[in-house]
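What follows is a short report on a single structure.
Residue numbers start from 1 in every chain, and the chains themselves are labelled A, B, ... in the order their sequence lines are given, proteins ahead of strands. Heavy-atom basis, side chains included; hydrogens, waters and symmetry copies ignored.
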There are 2 protein chains.
Amino acid sequence: MVSVILPLMADTPGPAEPSLEEQIAAYQREFQGLDPQVERVVSALSRLNRRMNVAYGRQTAELGISNAEWEVLKALVLAGEPYHLGPGDLAKRLGLTPAAMTHRIDRMVAEGLVTRERDETNRVRVIVGITEEGRAKWLEGLRMATVFEGDLLQDLSTAERALLGELLTRLLRRVEDAQPDAGGRLSDLD
Amino acid sequence: MVSVILPLMADTPGPAEPSLEEQIAAYQREFQGLDPQVERVVSALSRLNRRMNVAYGRQTAELGISNAEWEVLKALVLAGEPYHLGPGDLAKRLGLTPAAMTHRIDRMVAEGLVTRERDETNRVRVIVGITEEGRAKWLEGLRMATVFEGDLLQDLSTAERALLGELLTRLLRRVEDAQPDAGGRLSDLD
DNA sequence: CTTGAAGACTTCAGACCTAAACTTCGAAGC
DNA sequence: GCTTCGAAGTTTAGGTCTGAAGTCTTCAAG
């Protein structure tokens, strides 16, 4: 079976980077009292994500868009009918500031990926919609990502995939549930 | 037991963001032929990483440095005696361009976190070293991260942590082994 | 000894982000 | 109806990254 990962990953973060094992050993050397088990999970998570983002970037580049732009298209599609969102919503979903969203929408409108119009019922609001071309690029990007992701998980059995998904979901819940009514104990940090 | 995650995560990417379950359902709605099992793993990975980076950012901010700067300190410490690396090496390890590394080192030298000197045996090379203060900030950041990470994995048993680490390592291997002698089939993408 | 080529780092221009100030519209109080 | 406040977007200033061009050093060949 041919791998799609191989060409995508060629010469990625480059050599000279220590392997995960080397890094864990170095941590033990420099700081006793670190749980290698925890360290392995956290480091692997971080590395995996970096590699995956590089791969996604190469794929979206083939479509002539950036990873960031694909994320906007994705948010619009996942919003469902009528595939409309305001700049503020988009900013929250993508985790960036409203100012950044304004600029990004500017570019994407110029490229014909999305539309921007005023909401006539409430003229403070702006409505961003997806164009035919934007939808097509989203779909093509998703197809490529699907192949890559299937390849990535190739070595895992169905049971292992389910287990991995469940464990990750539990971690995520641990982190996402910790979102009280905003301003909870955040002040502790100020 | 008191959670350190709670205050760190308060009001993180904000509301209005769909939950993981909602997102997976939306994917099924908009694109048949997507494996929900794969989608769950990939989406959870991506979300977890985003949340964790936000948390790390808040912690390093307490030290008066950025996440990016902490990564440089980490690379220097993990390099081992004599805690020296060139800008090029650092750039490769952190996955950014040499140009960015130059600027980042500029700032960190100005802040007293690292030193920069010419290698007298080969005057093309530059040697970046860590200062006392840099090392102290690295250590303090690591301590905070350790608490956070232990808290994150709190709900997992020892066996589950080991299993999760093993599964992630296998995914990582699948991606990192795909680094042939540079230039392999990368040309396919040009 | 000089010359050419390759390597390591820096400089420069452009892209994209954040934080903060500003603009505009809508809703509540008097 | 006028005023004030808050919400939603945009504008502006400043910071960090990328990609390309430039500088300096070393090494090997003539």
Side-chain angles (χ1 to χ4, degrees), chain A residues 11-16 50 53-54 56-58 60-61 64-72 84-111 113-129 182-183 190, chain B residues 11-16 50 53-54 57-58 60-61 64-72 84-111 113-129 182 190:
Chain A
D11 192 32
T12 304
R50 230 179 55 193
N53 283 337
V54 171
Y56 290 142
R58 293 192 177 168
T60 53
I65 66 179
S66 72
N67 221 318
E69 290 174 330
W70 192 81
E71 291 291 327
V72 173
H84 283 172
L85 284 175
D89 285 332
L90 280 169
K92 274 178 201 149
R93 292 179 191 230
L94 302 190
L96 34 80
T97 63
M101 210 56 239
T102 293
H103 299 318
R104 200 181 278 189
I105 293 169
D106 286 347
R107 298 192 295 273
M108 293 181 73
V109 167
E111 294 166 340
L113 298 170
V114 301
T115 59
R116 167 159 46 189
E117 46 189 298
R118 289 208 106 62
D119 182 343
E120 288 308 330
T121 71
N122 182 340
R123 299 172 35 75
V124 172
R125 285 190 151 79
V126 169
I127 297 175
V128 178
D190 288 327
Chain B
D11 193 31
T12 305
R50 230 178 56 191
N53 284 336
V54 171
R58 292 192 178 168
T60 53
I65 65 179
S66 72
N67 222 317
E69 291 174 329
W70 192 82
E71 290 290 330
V72 174
H84 284 172
L85 283 175
D89 284 334
L90 280 169
K92 275 179 201 150
R93 292 181 189 229
L94 302 189
L96 35 80
T97 63
M101 211 55 239
T102 293
H103 299 318
R104 201 182 277 189
I105 293 169
D106 286 346
R107 300 192 296 272
M108 294 181 72
V109 167
E111 294 166 339
L113 299 171
V114 300
T115 59
R116 167 158 49 187
E117 45 187 300
R118 288 209 108 57
D119 182 343
E120 288 308 330
T121 70
N122 182 340
R123 299 172 37 73
V124 171
R125 290 176 193 278
V126 168
I127 297 176
V128 178
D190 289 327

Please check the phosphate of C:dA15 (OP1 and OP2 only) for any side-chain N or O of A:Arg107 closer than 4.0 Å. no
What is the distance, to the nearest angstrom, from the CD atom on A:Glu69 to the P atom on C:dC16? 7 Å
Would you say C:dT10 has OP1 or OP2 under 4.0 Å from some side-chain N or O of B:Arg116? yes
What integer distance in Å separates A:Asn122:CG from D:dG9:C1'? 12 Å
Nearest to side-chain heavy atoms of B:Pro87, which nucleotide of C:dC9, D:dT25, C:dC25: C:dC9
Specify the separation, in whole Å, of atom CE of A:Met101 and atom P of D:dA7. 21 Å
Whichever of B:Ala100 and A:Pro98 has the more 5' nearest nucleotide on DNA chain C, that residue is B:Ala100
How long is the line joining CG of A:Leu94 and P of C:dT18, in whole Å? 11 Å
Does A:Arg50 reach the side chain of A:Val54, with side-chain heavy atoms less than 4.5 Å apart? no
To the nearest Å, how far apart are B:Glu120 CD and D:dT25 P? 11 Å
Just by modelled atom types, is the B:Asp119 backbone N or O under 3.5 Å from a matching donor or acceptor in the B:Arg125 side chain? no
Does B:Val124 or A:Ser66 map to a spot on DNA chain C nearer the 5' end, using the closest nucleotide for each? B:Val124
Between C1' of D:dG9 and CG of A:Leu90, the distance in whole Å: 13 Å
Interatomic distance, B:Arg118 CZ vs D:dT23 C1' [rounded to whole Å]: 11 Å
Check whether any side-chain nitrogen or oxygen of B:Arg125 sits under 4.0 Å from OP1 or OP2 of D:dT25, and answer yes or no. no
Both B:Arg104 and A:His103 contact DNA chain D. Taking the nearest nucleotide for each, which residue is further toward the 5' end? A:His103
To the nearest angstrom, the CD1-C1' distance between A:Ile105 and C:dC16 comes to 14 Å
Counting distance only, does the side-chain N/O of B:Glu69 pair as donor-acceptor with the main-chain N or O of B:Ser66 below 3.5 Å? yes
Main-chain N/O of B:Ala68 paired to B:Arg104 side chain as donor or acceptor, under 3.5 Å: yes
Counting C-beta onward and ignoring hydrogens, is there a side-chain heavy-atom pair between A:Glu117 and A:Val126 closer than 4.5 Å? no
